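All figures in this text were calculated on a predicted structure; none of them were measured in a lab. Computed from heavy atoms alone, side chains included, the values below leave out hydrogens, waters and symmetry copies.
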Amino acid sequence: MQKLDPEKLPRHLAIIMDGNGRWAQERMLKRIVGHRKGVETVRTVVEESSLLGIKFLTLFAFSSENWLRPKTEVRALMALLKAYLAKETTRMMANNIRFAVIGDRSDLPEDVNSAVAEAIAKTSQNSGMVLTLALSYGSRQEIYQALTQLVDAVLAGKIPREKLSEDLISSFLYTSEIPDPDFLIRTSGEMRISNFLLWQIAYTELYFTEVNWPDFSKEEFYKALANYQARERRYGLISDQVRKRR
Ligand code: FPP
């Protein structure tokens, strides 16, 4: 296991959990078996992140495009989600984790939405890690709805035109309460962002691994974090300037 510096962990870690389907198909199993195994990885990563003291963990669980998958797979994913929430809320309470969701919740089936609302309410006073699931989430849609609200507010005279700023735009996104991610992991070898947190990842460090999500073990997780710790974040500056700022 890699030695990690507790002072240099990402404050906000975001993950695109990919490769459940391929993991299953490579083993001649149904895709849903891969998703089920993927839930075990979710448990491991949530638990480890919280133990390490990561403050914000955001997982891309279901994109706005995923609704177009075969109905049986969508239904199975929704059932998994509901079962996860029913089971894991107790563990979230034990670990002082606050649960949140980003995305268009109105698209979710009613029973899933109720389970989401319940988990949010139950964990709302917890002060430890914030676990956010992106559900029915698409970044362009998020930016579009933020701009619509912003334009309406400006036209209604509620926000003066000269008050527009990057921070103001951020405050209209689903992630208004969450800092931008420091580190983004994508599993399964795909090197795309797939409409995830496009505005928020302007300065995020990216990490791609060939490992499929169901095989993303505690060791792989530590390896990714060690890789993050070895990097120098420059935000457009040069090394000397970054060192002087420390
Ligand atoms: C990507 O694998 C994964 C998803 C679309 C969903 C992620 C869902 C889980 C890990 C399980 C449910 C989550 C929770 C939090 C209970 P893929 O199906 O796109 O894999 P493929 O690209 O190999 O087909």
Side-chain angles (χ1 to χ4, degrees), residues 1-18 44-60 97-98 100 102 127-132 134 137-140 142-143 146-147 150 159-211 213 216-246:
M1 196 74 83
Q2 317 258 348
K3 271 256 169 294
L4 294 174
D5 177 353
E7 300 297 316
K8 274 185 75 181
L9 287 165
R11 188 151 89 103
H12 180 185
L13 167 64
I15 306 184
I16 302 176
M17 311 181 285
D18 198 9
T44 306
V45 168
V46 169
E47 178 126 346
E48 284 305 312
S49 300
S50 151
L51 285 174
L52 282 166
I54 288 174
K55 197 70 191 92
F56 300 89
L57 174 65
T58 302
L59 304 177
F60 202 2
I97 293 172
R98 182 153 68 84
I102 54 171
S127 56
M129 186 175 82
V130 179
L131 166 64
T132 304
Y137 174 86
S139 186
R140 285 189 172 187
E142 174 186 36
I143 294 169
L147 285 184
L150 205 48
I159 296 176
R161 163 72 182 76
E162 55 281 7
K163 282 271 186 270
L164 288 185
S165 66
E166 291 185 9
D167 285 346
L168 189 69
I169 295 174
S170 296
S171 75
F172 277 80
L173 299 175
Y174 292 133
T175 49
S176 58
E177 309 277 304
I178 308 174
D180 289 343
D182 302 291
F183 195 37
L184 171 69
I185 297 174
R186 182 173 190 151
T187 57
S188 90
E190 306 293 349
M191 300 213 220
R192 295 188 284 277
I193 299 301
S194 300
N195 204 13
F196 189 45
L197 303 175
L198 298 178
W199 172 272
Q200 297 89 337
I201 59 166
Y203 289 101
T204 301
E205 295 292 330
L206 308 180
Y207 180 86
F208 299 98
T209 169
E210 292 288 326
V211 176
W213 181 248
F216 192 71
S217 58
K218 191 168 153 180
E219 287 72 22
E220 289 294 337
F221 183 43
Y222 274 64
K223 197 164 115 188
L225 291 173
N227 182 294
Y228 170 78
Q229 296 203 330
R231 299 183 189 193
E232 177 187 62
R233 302 186 70 194
R234 289 203 293 271
Y235 302 96
L237 305 178
I238 65 167
S239 287
D240 278 354
Q241 293 173 302
V242 176
R243 271 195 289 276
K244 272 183 206 136
R245 283 182 152 203
R246 279 196 200 122

**Prompt:** Should we say atom CZ of R140 is surrounded by more than 12 heavy atoms from elsewhere, each under 6.0 Å from it?
**Reply:** no
**Prompt:** Do the side chains of F56 and T132 get nearer than 4.5 Å, heavy atoms only?
**Reply:** no
**Message:** Between K55 and R11 (side chain of the first, backbone of the second, donor and acceptor by atom type, cut-off under 3.5 Å), is there such a pair?
**Reply:** no
**Message:** Can you tell me which residue among D180, V130, D182 is in a side-chain contact (heavy atoms from CB on, under 4.5 Å) with H12?
**Reply:** D182
**Request:** Under the side-chain contact (heavy atoms from CB on, under 4.5 Å) rule, what do K223 and N227 come out as? Steps first, then yes or no, please.
**Result:** CA-CA 6 Å; K223 197 164 115 188; N227 182 294; over 6 Å; no
**Asked** Going from CD1 on I169 to CD1 on I143, what distance comes out if it is rounded to the nearest 0.5 angstrom?
**Response** 9.0 Å
**Residue pair L13 / F221, side-chain heavy-atom distance below 4.5 Å** = yes
**Message:** I need the S239 OG to R234 CZ distance, nearest 0.5 Å.
**Reply:** 4.5 Å
**Prompt:** Any sub-3.5 Å donor-acceptor pair from Q241's side-chain atoms to I238's backbone N or O?
**Reply:** yes
**Item:** Stepwise side-chain contact (heavy atoms from CB on, under 4.5 Å) check, F196 with T58
**Value:** CA-CA 11 Å; F196 189 45; T58 302; 4.1 Å; yes
**Message:** Strictly distance-based, threshold 3.5 Å: is any side-chain N or O of N195 a donor or acceptor partner for the main-chain N or O of S139?
**Reply:** yes
**Item:** Within 6.0 angstrom of E166 CD, more than 12 heavy atoms from elsewhere
**Value:** no
**Request:** Could you pull out the closest heavy-atom pair between D18 and T187, with the gap in Å?
**Result:** O-OG1, 2.7 Å
**Shortest non-hydrogen contact between G236 and Y203, atoms and distance** = N-CE2, 4.4 Å
**Fill in**
Heavy-atom closest pair (E190 atom, F208 atom, distance to 0.1 Å) is O-CD2, 3.3 Å
**Request:** Would you check, one step at a time, whether the test side-chain hydrogen bond (donor to acceptor under 3.5 Å, both in side chains) holds for R186 with T209?
**Result:** CA-CA 7 Å; R186 182 173 190 151; T209 169; over 6 Å; no
**Message:** To the nearest 0.5 Å, what is the distance between CG on L173 and CG on L198?
**Reply:** 10.5 Å
**Asked** For the residue pair F60 and Y137, does the interplanar ring angle fall in the parallel (under 30°), tilted (30 to 60°) or perpendicular (over 60°) class?
**Response** perpendicular
**Asked** So, do E48 and Y222 sit near enough that their side-chain heavy atoms are less than 4.5 Å apart?
**Response** yes
**Complete:** Hits for side chain to side chain donor-acceptor pair (under 3.5 Å) against R161, two or more places apart or cross-chain, chain-then-number order -> none
**Request:** Please name the pair of heavy atoms, one in L150 and one in L168, separated by the smallest distance, quoted to 0.1 Å.
**Result:** CD1-CD2, 3.9 Å
**Request:** May I have the step-by-step check of side-chain hydrogen bond (donor to acceptor under 3.5 Å, both in side chains) for S188 and E210, ending in yes or no?
**Result:** CA-CA 5 Å; S188 90; E210 292 288 326; over 6 Å; no
**Prompt:** When rounded to the nearest 0.5 angstrom, what is the spacing between CZ in R192 and CD1 in I16?
**Reply:** 9.5 Å
**Prompt:** Who pairs with Y228 by side chain to side chain donor-acceptor pair (under 3.5 Å), at least two apart in sequence or on another chain?
**Reply:** R233
**Message:** side-chain contact (heavy atoms from CB on, under 4.5 Å) for R231 and Y207? Distances and angles first, verdict last.
**Reply:** CA-CA 11 Å; R231 299 183 189 193; Y207 180 86; 3.9 Å; yes
**Request:** Apply the test side-chain contact (heavy atoms from CB on, under 4.5 Å) to residues L206 and I185: give CA-CA distance (whole Å), side-chain angles for both, the deciding distance (0.1 Å), then the verdict.
**Result:** CA-CA 6 Å; L206 308 180; I185 297 174; over 6 Å; no
**Asked** Taking NZ, NE, NH1 and NH2 as the nitrogens, is one of them in K218 or E220 under 4.0 Å from a carboxylate oxygen of the other?
**Response** no
**Prompt:** Any side-chain heavy atom of L57 within less than 4.5 Å of one from V46?
**Reply:** yes
**Request:** Mind checking side chain to side chain donor-acceptor pair (under 3.5 Å) for T175 and listing every partner two or more places apart, or none if nothing turns up?
**Result:** Q200
**Fill in**
Taking every heavy atom of M129 against every heavy atom of S49, the minimum-distance pair comes out as SD-CB, 3.6 Å
**Request:** Please examine the side chains of W213 and V45, heavy atoms only from C-beta on, and report whether any two atoms are closer than 4.5 Å.
**Result:** yes
**Complete:** Correct closest heavy-atom pair for L184 and T204 would be N-CG2, 3.6 Å
